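Below: the structure, in structure tokens.
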Amino acid sequence: GENVEQHPSTLSVQEGDSAVIKCTYSDSASNYFPWYKQELGKRPQLIIDIRSNVGEKKDQRIAVTLNKTAKHFSLHITETQPEDSAVYFCAASPGNQFYFGTGTSLTVIP
Amino acid sequence: GAVVSQHPSWVICKSGTSVKIECRSLDFQATTMFWYRQFPKQSLMLMATSNEGSKATYEQGVEKDKFLINHASLTLSTLTVTSAHPEDSSFYICSATDRGQGEQYFGPGTRLTVT
């Protein structure tokens, strides 16, 4: 099955700086890559997604890049704010199942 | 947006008993529902995928006789943890989608503690 790896596991940045989280996947059939934000005790919320026919997608301060050849994709958050602090999960979908990365705990220091 | 509910939000049960968790899509018809397990500070581990009216597809290593999944309608899926043991204590989250490969909408999760 699909194996998704995510790095780093923890990330601390100063407010206003950028944060980058990277994921790799193993199944070349994966063609949909969503990113979720999960605050403590709450359900995961979709923040951005990208499909395999696109190399980059941006939504305000959040962007995702995808390199199909290398099988890796990244989340970029610019101008970070304290409310961005949460756990972020990447996922890869080869069909209708989603396989999640191990998560990155992001802390934005005011 | 689409809303998914789960019930109960938390449950404590004794070893050897069974617990049923419900997952409902409130404002859309869920063609597919997923069940995940999440340990503290860890990722979501896909347990099984269920389609309405058919048997669930379990991920490798998940005991289908222990984690019974029923997807009785387009708005309801249930997960029954049978003969629960302390090691089954975890956070169980369901999600649902209304199309083949689209956004998954997550439920709020159920905290299960087995004593």
Side-chain angles (χ1 to χ4, degrees), chain A residues 1-11 21 23-27 29-54 57 59 64 75 85-107, chain B residues 1-7 9-10 21 23-26 30-52 54 56-62 69 71 77 90-111:
Chain A
E2 175 64 277
N3 180 44
V4 181
E5 295 188 357
Q6 185 171 344
H7 300 280
S9 56
T10 60
L11 178 61
I21 302 170
C23 288
T24 61
Y25 62 99
S26 61
D27 191 342
S30 288
N31 56 7
Y32 177 60
F33 307 90
W35 285 87
Y36 287 85
K37 176 182 180 181
Q38 187 178 27
E39 297 178 7
L40 189 64
K42 296 187 177 181
R43 73 189 82 190
Q45 298 276 6
L46 178 71
I47 56 171
I48 196 168
D49 58 9
I50 190 168
R51 296 191 181 272
S52 60
N53 59 346
V54 176
K57 184 176 178 181
D59 182 4
V64 57
L75 176 72
S85 297
V87 179
Y88 291 81
F89 293 100
C90 63
S93 177
N96 66 344
Q97 291 102 333
F98 285 29
Y99 297 93
F100 284 80
T102 47
T104 296
S105 178
L106 172 65
T107 301
Chain B
V3 179
V4 175
S5 70
Q6 260 181 264
H7 178 80
S9 56
W10 59 270
I21 302 169
C23 177
R24 293 181 184 273
S25 58
L26 299 184
T31 54
T32 307
M33 287 185 166
F34 306 87
W35 287 95
Y36 296 87
R37 185 172 180 178
Q38 186 175 34
F39 292 102
K41 297 185 178 181
Q42 293 191 27
S43 188
L44 295 98
M45 183 192 78
L46 179 63
M47 298 175 66
T49 303
S50 75
N51 295 292
E52 183 263 340
S54 61
T57 302
Y58 290 81
E59 294 297 304
Q60 192 172 9
V62 178
I69 292 171
H71 195 155
S77 177
S90 190
F91 193 56
Y92 293 87
I93 305 180
C94 72
S95 71
T97 183
D98 58 357
R99 45 202 164 101
Q101 191 184 49
E103 179 176 354
Q104 288 194 15
Y105 304 99
F106 284 87
T110 297
R111 173 79 55 194

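The shown structure was predicted, so the numbers you read here are calculated from the model rather than taken from an experiment. Per chain, numbering begins at 1; letters A, B, ... match sequence-line order.
To the nearest 0.5 Å, atom CD of residue B:Q38 and atom CZ of residue A:F100 are 9.0 Å apart. For the atom pair OH of A:Y36 and CG of B:L44, the computed distance is 9.5 Å after rounding to the nearest 0.5 Å.
Top candidate by heavy-atom pairs under 4.5 Å with chain A, chosen from B:Q6, B:M45, B:E59, is B:E59. Contacts with chain B were tallied for A:V87, A:L46, A:D49; A:L46 has the most, counting heavy-atom pairs under 4.5 Å.
Contacts of B:Q60 with chain A are absent, with no heavy-atom separation under 4.5 Å from either backbone or side chain. Using a 4.5 Å cut-off between heavy atoms, B:L46 touches chain A through its side chain atoms alone. For A:Q6, no part lies near chain B; criterion is any non-hydrogen pair under 4.5 Å. Heavy atoms of A:P34 lying under 4.5 Å from chain B are absent altogether.
Remark: the backbone N or O of A:G103 is not paired with any side-chain donor or acceptor of B:S43 at under 3.5 angstrom.
Nearest heavy-atom pair, B:G107 versus A:R43, reported as atom, atom and distance to 0.1 Å: O-CB, 3.1 Å.
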